[in-house]
Number of protein chains: 2
Amino acid sequence: MNANKIPDIIIGRLPVYLRALQHMQDMGLKTTSSQELGERVGISAAQIRKDISQFGEFGKQGTGYSIEYLIKQLREILKVDRIWDMVIVGAGDMGHAVANYQGFSDRGFSIVAIFDNDKSKVGQKIGQFTIEDSETMVNRIKSLDVKIAMLSVPASAAQAVADQLMQAGVRAILNYAPISLNVPNNVKVQYIDPSTHLQRMTYYL
Amino acid sequence: MNANKIPDIIIGRLPVYLRALQHMQDMGLKTTSSQELGERVGISAAQIRKDISQFGEFGKQGTGYSIEYLIKQLREILKVDRIWDMVIVGAGDMGHAVANYQGFSDRGFSIVAIFDNDKSKVGQKIGQFTIEDSETMVNRIKSLDVKIAMLSVPASAAQAVADQLMQAGVRAILNYAPISLNVPNNVKVQYIDPSTHLQRMTYYL
DNA sequence: TAGATTGTTAATCGATTAACAATC
DNA sequence: TAGATTGTTAATCGATTAACAATC
């Protein structure tokens with residue numbers, strides 16, 4: 001990284017570029033251009049070049065970008081050139097769907113544990129995982145040294161669970177609960193709330 | 001609405017305000033200020049006042065905003081002062097989780113049909129819904145006059161299904177498939193891809 | 001009234017786009 | 001070489017913040 005402080009809005013676009021590049025690679029393409037990539041993701045070619053050039057000179061004039069090389073660079077930049085362990089908290093319908101989702105492993109993530117506070121669920125299986133008791137969560141996460149959690153508990157419990165997660169050393173939370181979390185700024189939160197996404201579209205209907 | 005063209009970035013924050021306000025209302029609060037609301041959602045008070053004032057003068061100097069009134073106004077602005085019918089396409093784990101999600105009804109949405117192209121799933125029940133055949137989808141959506149769809153099919157099928165949905169008159173797609181969709185600009189797409197959200201956080205770890 | 005808070009203006013800050021020399 | 005496309009600069013555009021008169 002040669003630049004010092006990259007705006008978050010740029011960081012947010014890199015995973016979208018990476019996803020599109022991996023898709024192109026799966027289709028057998030070897031090189032691409034800012035033009036072509038831009039059309040695929042709906043972003044201007046100039047912006048893509050500018051975003052990428054924040055981190056180095058990864059392209060070649062006249063020919064564009066090697067897809068394989070650019071993927072490698074983006075994975076390093078985003079720190080997904082490794083596998084991050086994650087936990088899921090909340091084994092409801094959403095927790096089940098997330099636990100069964102097959103798309104994490106080749107994007108840099110691996111689920112290692114699932115917790116729920118419902119004693120009747122503890123011990124049950126989801127795929128190859130056994131649901132663990134929330135009471136043991138903090139110590140378990142500490143011993144596993146996990147930094148990323150997915151939160152699929154009811155909104156009413158989300159903040160309390162988030163506080164526990166942070167106490168256990170978690171630094172990134174993907175929050176499926178429909179509520180804004182209060183966290184210090186060394187902890188990152190991303191929100192997945194289908195209603196919020198839908199309401200952002202109804203305005204235009 | 002007294003302003004002409006509201007930036008999309010403002011529209012995107014309104015559902016977050018609305019969610020927080022409804023939460024405050026559930027807690028029994030009657031009024032709030034831009035300061036308090038801002039602390040809850042992590043946005044500056046000035047920005048909240050500016051955003052809201054794009055649409056009218058909904059507050060009172062000295063006392064702030066009536067939560068009930070501001071909720072009513074935001075729901076009107078976002079057009080969720082009504083119930084929007086939606087369909088789900090793809091009855092896998094994610095389709096099941098979304099179909100069973102209880103949070104839509106009091107946010108302005110109602111699921112009316114679920115489709116899958118797997119004949120062995122067609123006819124099966126998810127809650128009170130019966131999975132319908134994708135082959136009948138276009139005509140069924142037309143006759144139901146549905147404008148919003150949630151797409152939970154594999155990435156490889158997503159674009160083709162999206163094309164069908166648009167043909168059926170769908171104008172807003174909540175896309176759970178990890179791929180960028182190509183749509184004309186009278187159709188809105190929102191993306192829910194957990195890996196992309198996670199990769200946006202790993203950069204900071 | 002005195003205190004609080006809005007709505008709005010102007011200033012600042014940041015992001016996007018257009019254009020093009022460099023060069024593969 | 002000629003054509004294509006990058007990386008980068010400068011110009012433009014848009015969003016955020018600070019400040020404060022208005023007023024409840």
Side-chain angles (χ1 to χ4, degrees), chain A residues 1-17 20-21 24 29-74 77 185 200 203, chain B residues 1-17 20-21 24 29-74 77 185 200 203:
Chain A
M1 237 165 300
N2 52 10
N4 219 5
K5 178 63 182 163
I6 309 289
D8 180 62
I9 196 160
I10 293 182
I11 301 305
R13 284 190 293 258
L14 299 186
V16 177
Y17 301 161
L21 288 163
M24 290 186 211
L29 298 176
K30 298 296 179 193
T31 63
T32 189
S33 64
S34 57
Q35 175 78 35
E36 184 186 41
L37 182 56
E39 278 165 18
R40 275 183 188 275
V41 299
I43 290 176
S44 78
Q47 182 157 85
I48 286 178
R49 290 201 301 279
K50 191 121 205 281
D51 286 352
I52 292 172
S53 71
Q54 304 295 306
F55 303 95
E57 306 192 357
F58 302 146
K60 274 201 181 63
Q61 286 99 327
T63 57
Y65 302 92
S66 153
I67 289 174
E68 183 181 3
Y69 182 69
L70 190 50
I71 286 173
K72 181 169 172 292
Q73 293 299 324
L74 288 175
I77 292 163
N185 55 15
R200 188 181 183 147
Y203 174 80
Chain B
M1 239 164 296
N2 50 11
N4 220 3
K5 179 63 184 165
I6 308 290
D8 180 63
I9 196 161
I10 293 182
I11 301 304
R13 285 192 292 259
L14 300 185
V16 177
Y17 303 161
L21 288 163
M24 290 186 209
L29 298 176
K30 299 295 180 195
T31 62
T32 189
S33 63
S34 56
Q35 175 79 34
E36 183 185 41
L37 181 56
E39 279 166 17
R40 276 183 187 273
V41 299
I43 289 175
S44 79
Q47 181 156 87
I48 286 178
R49 291 201 300 280
K50 192 124 206 279
D51 286 352
I52 292 173
S53 72
Q54 302 297 306
F55 303 94
E57 307 194 355
F58 302 147
K60 274 203 181 63
Q61 286 100 326
T63 56
Y65 301 91
S66 154
I67 289 175
E68 183 181 1
Y69 182 67
L70 189 50
I71 286 173
K72 180 169 171 293
Q73 293 299 324
L74 288 176
I77 293 162
N185 58 14
R200 188 179 184 150
Y203 174 81

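All values below come from the heavy atoms of this structure, side chains included, with hydrogens, waters and symmetry mates left out. By convention in this document, chain letters (A, B, ...) are assigned in the order of the sequence lines, proteins followed by strands, and residues within each chain are numbered from 1.
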Taking only residues two or more places apart in sequence or in another chain, which ones pass side-chain hydrogen bond (donor to acceptor under 3.5 Å, both in side chains) with A:Glu68? none
How close or far is atom P of D:dT5 from atom CD of A:Glu57, stated in whole angstroms? 18 Å
side-chain contact (heavy atoms from CB on, under 4.5 Å) with A:Thr63: which residues, sequence neighbours excluded? A:Lys60
Can you work out whether B:Ser34 or A:Arg13 has the more 5'-proximal nearest nucleotide on DNA chain C? B:Ser34
Starting from C1' on D:dT8, measure out to CZ on A:Phe55 and report it in whole angstrom. 16 Å
Closest approach of B:Thr32 to B:Leu37 (non-hydrogen atoms, all atoms of both residues): OG1-N, 3.9 Å
Once you round to the nearest 0.5 Å, how far does CG of A:Leu21 lie from OH of A:Tyr65? 10.0 Å
Give the dot-bracket string for DNA chain D, reading 5' to 3', where a pair is Watson-Crick or G-U wobble with both distances under 3.5 Å, ( ) marks pairs inside the strand, [ ] marks pairs crossing earlier ones, | marks a partner on another strand, and . marks unpaired. ..||||||||||||||||||||||
Closest non-hydrogen atom pair between B:Val41 and B:Ala20, with its separation: CG1-CB, 3.6 Å
Sorted by number, residues from residues 36-44 of chain B placing a heavy atom under 4.0 Å from DNA chain D are B:Ser44
Inter- and intrachain pairs under salt bridge (Lys or Arg N to Asp or Glu O under 4.0 Å), touching residues 30-46 of chain B, at least two apart: none
How long is the line joining CD1 of A:Ile48 and P of D:dT5, in whole Å? 14 Å
Please report the distance, rounded to the nearest Å, between CD1 in A:Ile10 and C1' in C:dT17. 14 Å
Per-nucleotide protein contact along nucleotides 19-24 of chain D, 5' to 3', at a 4.0 Å heavy-atom cut-off (B base, S sugar-phosphate only, - neither), is B--BBB
Taken to the nearest 0.5 Å, the spacing of B:Phe58 CZ from B:Ile77 CD1 works out to 4.5 Å
In whole angstroms, how far is the C1' atom of C:dA15 from the CG atom of A:Asp51? 10 Å
Got a second to check how far A:Phe55's CZ is from A:Ile11's CD1, nearest 0.5 Å? 4.0 Å
Nearest whole Å is fine: how far is C:dC13 C1' from B:Gln47 CD? 13 Å
Write down the distance between CD1 (B:Ile9) and P (D:dT17), rounded to a whole number of angstrom. 11 Å
Non-neighbouring partners of B:Arg200 that pass salt bridge (Lys or Arg N to Asp or Glu O under 4.0 Å), sequence neighbours left out: A:Asp8
d(CD1, A:Ile52; P, C:dT16) in whole Å: 14 Å
Please list, chain by chain and in numerical order, all residues satisfying side-chain contact (heavy atoms from CB on, under 4.5 Å) with A:Thr31, sequence neighbours excluded. none
Between A:Lys50 and B:Gly64, whichever has its closest DNA chain C nucleotide further toward 5' is B:Gly64
The complete set of salt bridge (Lys or Arg N to Asp or Glu O under 4.0 Å) pairs with one or both residues in residues 44-54 of chain A, sequence neighbours excluded, reads A:Arg13-A:Asp51
Please confirm whether the shortest side-chain N or O distance from A:Tyr65 to OP1 or OP2 of D:dA4 is below 4.0 Å. no
